[in-house]
Each structure stands twice: as structure tokens, then as C-alpha cells.
Amino acid sequence: MYHIMLGPGDIPSYVLLPGDPGRIDTIMSTWESAQEIAFHREYRSARGVYKGVEIGAVSTGIGGPSTSIAIEELARIGVHTFIRVGTTGAIQPDIEPGTLIIASAAVRFDGASHEYAYSEFPASATPDAVLALVEAAERLGYTYRVGVVASTSSFHVGQSRPGYKGYQWSRGDALMKDLQRMGVLSFEMEAATLFTLTNIYGLRSGCVCAAIANRVTNEFIKNKGVRETISVANEALRILARADKRYGRKIHSVTELYSVL
Ligand code: URA
């Protein structure tokens with residue numbers, strides 16, 4: 001594949017998608033065995049074994065366009081289950097830094113997904129991926145929230161932060177307040193693209209992010225919760241892979257997921 005530099009058989013069908021290529025090292029350190037397999041542009045890839053299950057990881061870079069390329073190319077070489085592991089900025093006052101945000105769906109401010117479907121098309125996670133992530137977070141004892149995130153194509157002005165020289169426009173002034181009223185949990189930059197493309201293609205996806213910032217309380221704790229997101233995502237992939245093995249690849253019921261824990 002032109003961008004990710006991988007071909008059929010190079011990577012398992014269950015993959016973690018961090019944004020940051022540097023996070024591939026952290027992910028590899030959580031597996032029993034691991035090897036880096038490619039690194040081209042923002043796409044750094046590794047494969048390994050976690051609790052007996054073969055899984056992979058590919059960094060997407062920041063934002064929808066590079067994420068859409070990763071999904072397009074990984075799908076072509078047999079990847080069917082994607083779990084994004086990222087960071088996010090909470091916009092509800094009661095979400096403490098380090099809390100894990102499991103996205104049930106994403107507001108499509110991403111740009112790239114609009115190249116694929118009407119803006120009314122839902123960017124929703126796959127139900128069994130959400131359940132597997134919740135189960136993993138419960139078992140590991142981490143604090144988490146489940147809900148809607150907003151995926152933007154700009155970190156600064158697009159997330160209601162001032163731009164250079166304090167620039168902001170009327171939409172940015174109102175955006176965060178409106179999303180708070182709608183109960184949206186946080187800002188991030190990739191989930192909407194991932195969820196939209198996988199819905200269209202009949203693939204499976206989920207997303208767990210560490211809330212490293214709270215935009216209301218103005219707290220920021222670099223990397224707080226990042227290791228925990230990786231543990232939760234590894235466990236979720238293991239649960240899904242085992243359920244697929246036992247019941248065939250489909251959207252699993254709670255009973256099926258529970259039976260493979
Ligand atoms: N990622 C984002 O997109 N926004 C934040 O505030 C933090 C992480």
C-alpha cells in the first residue's frame with residue numbers, strides 16, 4: 001500500500017490506531033512480543049502478540065485526511081477491527097484529567113468524512129466495540145465516560161481556542177458552549193472519520209481517548225491516562241478477537257462477549 005507501506009499478511013486484522021507515531025513504542029511495550037514493520041510519513045506500524053492474540057498498531061497522524069488513508073489502505077489488506085487510542089480535551093466541567101472517554105459516536109466536524117457521505121450520515125462506533133471497551137475499562141478499574149465526542153479538523157480555532165493574535169470568529173465563540181449544552185464530552189480529531197468510513201464499509205471500530213485536558217477548568221496533564229487507554233484497547237481487541245473466533249465475525253451480543261472474558 002502506497003502510504004502505509006504494508007501488504008496483505010503484514011499486519012493482523014485487529015489493530016490499534018494511535019495518532020502519534022511515538023506512541024507505537026508504548027504500545028509495543030505492553031505486548032508479549034512485538035516488532036516494528038514499517039515507518040513511512042506519519043504511518044508507523046507494528047505487530048505483536050497480546051495475551052495470545054495477534055494484534056497490530058498503525059499510527060494515523062493527526063486529523064481526518066491521514067486517518068482516512070490509513071483506513072482505506074488497511075481495509076484493503078484485510079484489517080476489519082480498528083480501535084483508536086488517542087487523547088482528547090474534555091469540555092464538561094466534571095471530567096477530570098486522566099478520565100477515559102469511550103466514544104459512542106462523533107460529531108462530524110472532521111472534513112474528511114464529508115468526502116464520503118452526506119453530513120446527516122451517522123458517525124457511530126460499532127456497538128460490540130463500545131461494549132468491549134467498557135468491559136475492559138471496568139475490569140481494569142479505570143474511571144471512564146461513554147458518550148459523544150466532537151472530531152474537528154483544527155486543534156486551535158476549530159476547538160474554540162484562540163488562533164494566532166487571538167483570532168476567533170463567531171462560530172468558534174459559540175461552538176464549545178453549544179456542544180456543552182448538547183452533552184458532548186470532548187474534542188478530538190479522528191473518531192468521526194474512523195466511524196463514518198467503517199460504517200460505510202461494514203467494518204468494526206471503537207475509540208478510547210485519555211482526557212489530558214479540561215477546557216472548562218483549564219487543567220492540562222500531559223499523557224495522563226494514555227497508558228490506561230492502551231491497556232483498555234488491548235483488552236477490547238482481545239475480547240473481540242476471541243468472540244470472533246468462537247462465534248464468527250459479526251456484531252456480538254453482551255452474552256457472547258461475556259462468555260469469552
Ligand atoms: N486532542 C485534541 O484534539 N484536543 C485537545 O484538547 C486534546 C487532545
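Note that the coordinates shown come from a computational prediction; the quantities given were computed from them, not determined experimentally. Start at 1 and go down the list; that is how both ligands and their atoms are numbered.
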Engineer: For Tyr258 and Glu135, which I'm curious about, is there any donor-acceptor pair between the side chains at under 3.5 Å?
Structural biologist: no
Engineer: Return the protein residues near ligand 1 (heavy atom under 4.0 Å from any of its atoms), ordered by chain and residue number.
Structural biologist: Thr87, Thr88, Gly89, Phe155, Gln159, Arg161, Phe187, Glu188, Met189
Engineer: Can a salt bridge be assigned to the pair Glu36 and Arg44 using a cut-off of 4.0 Å between side-chain N and carboxylate O?
Structural biologist: yes
Engineer: Which residues end up grouped with Trp169 if you chain together Ile, Leu, Val, Met, Phe, Trp and Tyr wherever their side-chain heavy atoms are less than 4.5 Å apart?
Structural biologist: Val157, Tyr167
Engineer: Using salt bridge (charged side-chain N to carboxylate O under 4.0 Å, His left out) as the criterion, list what pairs up with Arg108, not counting sequence neighbours.
Structural biologist: none
Engineer: Arg227 and Ser29: side-chain donor and acceptor closer than 3.5 Å?
Structural biologist: yes
Engineer: Gln168: what forms a side chain to side chain donor-acceptor pair (under 3.5 Å) with it, not counting sequence neighbours?
Structural biologist: none
